[in-house]
*Asks:* 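Mind looking over this structure? Questions follow.
Side chains included, hydrogens not; waters and symmetry mates left out as well; all remaining heavy atoms used.
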Amino acid sequence: MKCRSTKNPAEQVSLTRAVLESLPADRGLYVPETMPDLSERICSSLRDLSFEDLAFEVIRPYFDEDLSESELREVVAESLTFDAPAVSVAPAMQVLELWHGPTLAFKDFGARFMARTMSRLQRRVGEDLTVLVATSGDTGAAVASGFYGVEGVNVWVLYPKGRVSPVQEMQLTSFGGNISAVEVDGTFDDCQALVKHAFLDPDLAGPLTLTSANSINLSRLLPQMFYYFRAWQQVVDDGVLPTFCVPSGNLGNLCAGLFARSMGLPVGGFVAATNVNDAFVRFLREGTVPHRSAQRTLSNAMDVAAPSNLQRIEWLFSGSREALHEVVHAHPVTDDATLEVMARVYRDHGYVLDPHTAVGWRAAEIHREAFPNQSMVVLATAHPAKFPETVQRAIGREPEAPEALTAAKGRPRHHIALPADYGRLRERLLDESPS
């Protein structure tokens, strides 16, 4: 499949180039030339497939010119070693658990697929890759885990100092080797700006082959469609279509759901759940994104003031905010409401939510007040054990830590401290370059 920039529909590039470059020079984002249509197969043959076979059928139209069928099947099989179960927690409220991967967050779906895809594409171009990624929490650990030990790929994970949870920081700094964790004295938006600056710096193009592992990279975003299709297999019943409630920060998760819908996935709609960093809520209401710094919240992975994937969402709806609002609603949720929901859901249903999923649950409740007949699927983006202090505060006890977290605690930590200054980052990248 060919790709193009959201800002330049005339210029087409291969998917391989879009994946390895991450960003076009015009500061847009790469999107597929067209969205494949699986509508007929959804009605006939996809419902009863295994998760692995379903994922292969969903992703195949995008990679048919760039990876052989056997290569793509290998990538999918190596990536999807865990499921995305839908759990009924309350009437008309289901939770899609996306935290069964190695780093206990939904980012494992995209990061593992991306790492295995890039390693195969990298062998063809014959050049070492330098992956730059900004993280507000879970992306960093998932990317580090996915790329750790991959030959020919060096990864730099930029995270904001003091703005990720202690468990998240423990995870993303516990690898070493080809993974460099960079603690930036700033916000996630500062980290994201540094990454984008690097991609547009012509002086880095010679010594480094740069690519990104954020959801600005299509190979990270596209596999996030898998769990929407997996949810459809589990929850569609008697013709009632699910409305997905998506905890939203940089909007990659929501964008993947909208991509799935464009491919023909039957959905009732979407609710974007934000914390007080409500840029997308304001965009739907007013048509503009306010220029302000991100505020710190309990749902730190959503502390994003300038969501990158809004460009792709606008492209999907041809720039029509009215058409977008017919499909997507959005609600902000405060920290106080987040804690209240965590306590209430545990008290009433015995189910422990992490703070991000709690934001999604509350937004789903708000949505059902206006649309009481809709069946909600709340995306559970992270295991509650990644936020023990917040869970303790909400329900009076810490959640049980899975083995993956216990193992990470025993590994040594590695990180580089830098100010939010591009010149300093550039120096470190050039110092570490192979040339």
*Asks:* Examine the side chains of Asn154 and Asn178 and answer whether a donor and an acceptor come within less than 3.5 Å of each other.
*Replies:* no
*Asks:* Between Phe113 and Phe63, does the ring centroid distance fall short of 6.0 Å?
*Replies:* yes
*Asks:* Just do the side chain to side chain contact (heavy atoms under 4.5 Å, CB included) check on Cys3 and Leu218 with the steps written out, would you?
*Replies:* CA-CA 10 Å; Cys3 300; Leu218 273 176; 3.8 Å; yes
*Asks:* Okay, side chain of Arg368, backbone of Gln374: is any donor-acceptor separation there less than 3.5 Å?
*Replies:* yes
*Asks:* Nearest 0.5 Å, what's the CG-CG distance between Asp189 and Asp303?
*Replies:* 9.0 Å
*Asks:* Do Glu65 and Met1 touch side chain to side chain, with heavy atoms closer than 4.5 Å?
*Replies:* no
*Asks:* For this output row, return yes or no: ring centroids of Tyr351 and Tyr346 closer than 6.0 angstrom.
*Replies:* no
*Asks:* With side chains defined as the heavy atoms from C-beta onward, is the minimum distance between Thr135 and Leu158 less than 4.5 Å?
*Replies:* no
*Asks:* To the nearest 0.5 Å, how far apart are CZ in Arg27 and CG in Asn8?
*Replies:* 15.0 Å
*Asks:* Quick check on Glu403: does its CD atom have over 12 non-hydrogen neighbours (other residues, nucleotides or ligands) under 6.0 Å away?
*Replies:* no
*Asks:* Would you call the rings of Phe387 and His356 parallel, tilted or perpendicular, taking 30° and 60° as the class edges?
*Replies:* tilted
*Asks:* Evaluate the criterion side-chain hydrogen bond (donor to acceptor under 3.5 Å, both in side chains) for residue pair Thr81 and Arg112; output intermediate values, then yes/no.
*Replies:* CA-CA 10 Å; Thr81 57; Arg112 289 169 63 83; 3.3 Å; yes
*Asks:* Hey, does Val276 have a side-chain heavy atom less than 4.5 Å from the side chain of Pro332?
*Replies:* no
*Asks:* Hey, does Arg4 have a side-chain heavy atom less than 4.5 Å from the side chain of Val31?
*Replies:* yes
*Asks:* Could you go through the side chain to side chain contact (heavy atoms under 4.5 Å, CB included) check for Glu11 and Ser5 one step at a time?
*Replies:* CA-CA 7 Å; Glu11 184 176 351; Ser5 169; over 6 Å; no
*Asks:* Is atom CD of Glu400 surrounded by more than 12 heavy atoms (other residues, nucleotides or ligands) closer than 6.0 Å?
*Replies:* no
*Asks:* Starting from the C-alpha separation in whole Å, work towards a yes-or-no answer on side-chain hydrogen bond (donor to acceptor under 3.5 Å, both in side chains) for Asp83 and Tyr227.
*Replies:* CA-CA 9 Å; Asp83 200 3; Tyr227 44 77; over 6 Å; no
*Asks:* Considering all heavy atoms of both residues, which atom of Cys245 and which atom of Ala363 are nearest to each other, and what is their separation?
*Replies:* SG-CB, 3.9 Å
*Asks:* Between Gln234 (side chain only) and Ala86 (backbone N and O only), is there a donor and an acceptor less than 3.5 Å apart?
*Replies:* yes
*Asks:* Do Glu21 and Tyr30 have side-chain atoms, one donor and one acceptor, less than 3.5 Å apart?
*Replies:* yes
*Asks:* So which heavy atom on Gly28 is nearest to which on Gln311, and how close?
*Replies:* CA-OE1, 3.3 Å
*Asks:* For a quick test of reading the model, state the closest non-hydrogen atom pair linking Asp66 to Ser14 and the distance between them.
*Replies:* OD2-CB, 4.2 Å
*Asks:* Test your reading of the model: is there a side-chain donor-acceptor pair from Gln233 to the backbone of Arg47, 3.5 Å cut-off?
*Replies:* yes
*Asks:* I'd like to know if Asp278 pairs up with Arg292 as an ion pair, taking the criterion as any Lys NZ or Arg NE/NH1/NH2 lying under 4.0 Å from an Asp or Glu carboxylate oxygen.
*Replies:* yes
*Asks:* Would you confirm whether Ser212, through its side chain, and Asn214, through its main-chain N or O, come within 3.5 Å as a donor-acceptor pair?
*Replies:* yes
*Asks:* Tell me, with the steps shown, if Thr187 and Asp190 meet side-chain hydrogen bond (donor to acceptor under 3.5 Å, both in side chains).
*Replies:* CA-CA 5 Å; Thr187 67; Asp190 292 325; 3.3 Å; yes
*Asks:* Identify, with sequence neighbours excluded, every residue that meets side-chain hydrogen bond (donor to acceptor under 3.5 Å, both in side chains) alongside Lys386.
*Replies:* Asp138, Gln171
*Asks:* With respect to Phe147, which candidate in Val157, Val155, Val133 satisfies the side chain to side chain contact (heavy atoms under 4.5 Å, CB included) definition?
*Replies:* Val155
*Asks:* I'd like to know if the side chain of Asn250 and the backbone of Ser308 have a donor-acceptor N/O pair within less than 3.5 Å.
*Replies:* yes
*Asks:* Strictly below 4.0 Å, N to O, side chains only: are Arg73 and Glu69 in salt-bridge contact?
*Replies:* yes
*Asks:* Cation over ring, Arg411 on Phe175, under 6.0 Å and within 45°?
*Replies:* yes
*Asks:* Between the side chain of Arg261 and the main-chain N/O of Leu265, is any donor-acceptor distance below 3.5 Å?
*Replies:* no
*Asks:* Counting only heavy atoms not in Glu40, do more than 12 sit closer than 6.0 Å to its CD atom?
*Replies:* no
*Asks:* Do other residues, nucleotides or ligands put more than 12 heavy atoms under 6.0 Å from Lys196 NZ?
*Replies:* yes
*Asks:* Please check if the number of heavy atoms outside Arg321 that lie under 6.0 Å from its CZ is greater than 12.
*Replies:* yes
*Asks:* Has Asn217 got a side-chain atom pairing as donor or acceptor with Val19's backbone, closer than 3.5 angstrom?
*Replies:* yes
*Asks:* Taking the side chain as every heavy atom from C-beta outward, state whether Val391 and Glu398 have any pair of such atoms under 4.5 Å apart.
*Replies:* no
*Asks:* What pair of heavy atoms forms the shortest contact from Pro399 to Ala385, and how long is it?
*Replies:* CG-CA, 3.5 Å
*Asks:* For the residue pair Gln94 / Ser88, report whether a side-chain donor-acceptor contact shorter than 3.5 Å exists.
*Replies:* no
*Asks:* Return yes if some donor-acceptor pair links the side-chain N/O of Thr338 with the main-chain N/O of Thr334 below 3.5 Å, else return no.
*Replies:* yes
*Asks:* Begin from the C-alpha positions of Leu324 and Ile313 and carry the test side chain to side chain contact (heavy atoms under 4.5 Å, CB included) through to its verdict.
*Replies:* CA-CA 8 Å; Leu324 171 61; Ile313 292 173; 3.7 Å; yes
*Asks:* Are Arg312 and Phe259 side-chain neighbours, meaning at least one heavy-atom pair lies under 4.5 Å?
*Replies:* yes
*Asks:* Taking the six-membered ring for Trp, are Phe270 and Tyr228 parallel (under 30°), tilted (30 to 60°) or perpendicular (over 60°)?
*Replies:* perpendicular
*Asks:* Phe280 vs Phe283 aromatic rings, parallel, tilted or perpendicular, using cut-offs 30° and 60°?
*Replies:* parallel
*Asks:* For Ser165 versus Asn300, what's the shortest heavy-atom pair and its separation?
*Replies:* N-ND2, 4.0 Å
*Asks:* Below 4.0 angstrom, N of the basic side chain to O of the carboxylate: do Glu78 and Arg120 qualify?
*Replies:* yes
*Asks:* Test side-chain hydrogen bond (donor to acceptor under 3.5 Å, both in side chains) on Thr211 and Ser22 and set out the steps.
*Replies:* CA-CA 5 Å; Thr211 191; Ser22 291; 2.7 Å; yes
*Asks:* Test your reading of the model: is there a side-chain donor-acceptor pair from Glu71 to the backbone of Ser68, 3.5 Å cut-off?
*Replies:* yes
*Asks:* If you measure from the Lys or Arg side-chain nitrogens to the Asp or Glu carboxylate oxygens, is any gap between Arg344 and Glu365 under 4.0 Å?
*Replies:* yes
*Asks:* More than 12 foreign heavy atoms under 6.0 Å from CG of Asp348: is that the case here?
*Replies:* yes
*Asks:* Between Phe82 and Phe109, does the ring centre distance come in under 6.0 Å?
*Replies:* yes
*Asks:* What is the ring orientation for His329 with His331, classed by angle as parallel under 30°, tilted 30 to 60°, or perpendicular over 60°?
*Replies:* parallel
*Asks:* Could you walk me through whether Leu254 and Asn309 pass the side chain to side chain contact (heavy atoms under 4.5 Å, CB included) check?
*Replies:* CA-CA 9 Å; Leu254 175 63; Asn309 280 290; over 6 Å; no
*Asks:* Examine distances only and state if a side-chain atom of Asp335 and a backbone atom of Leu298 form a donor-acceptor pair shorter than 3.5 Å.
*Replies:* yes
*Asks:* I'd like to know if Glu340 pairs up with Arg362 as an ion pair, taking the criterion as any Lys NZ or Arg NE/NH1/NH2 lying under 4.0 Å from an Asp or Glu carboxylate oxygen.
*Replies:* no
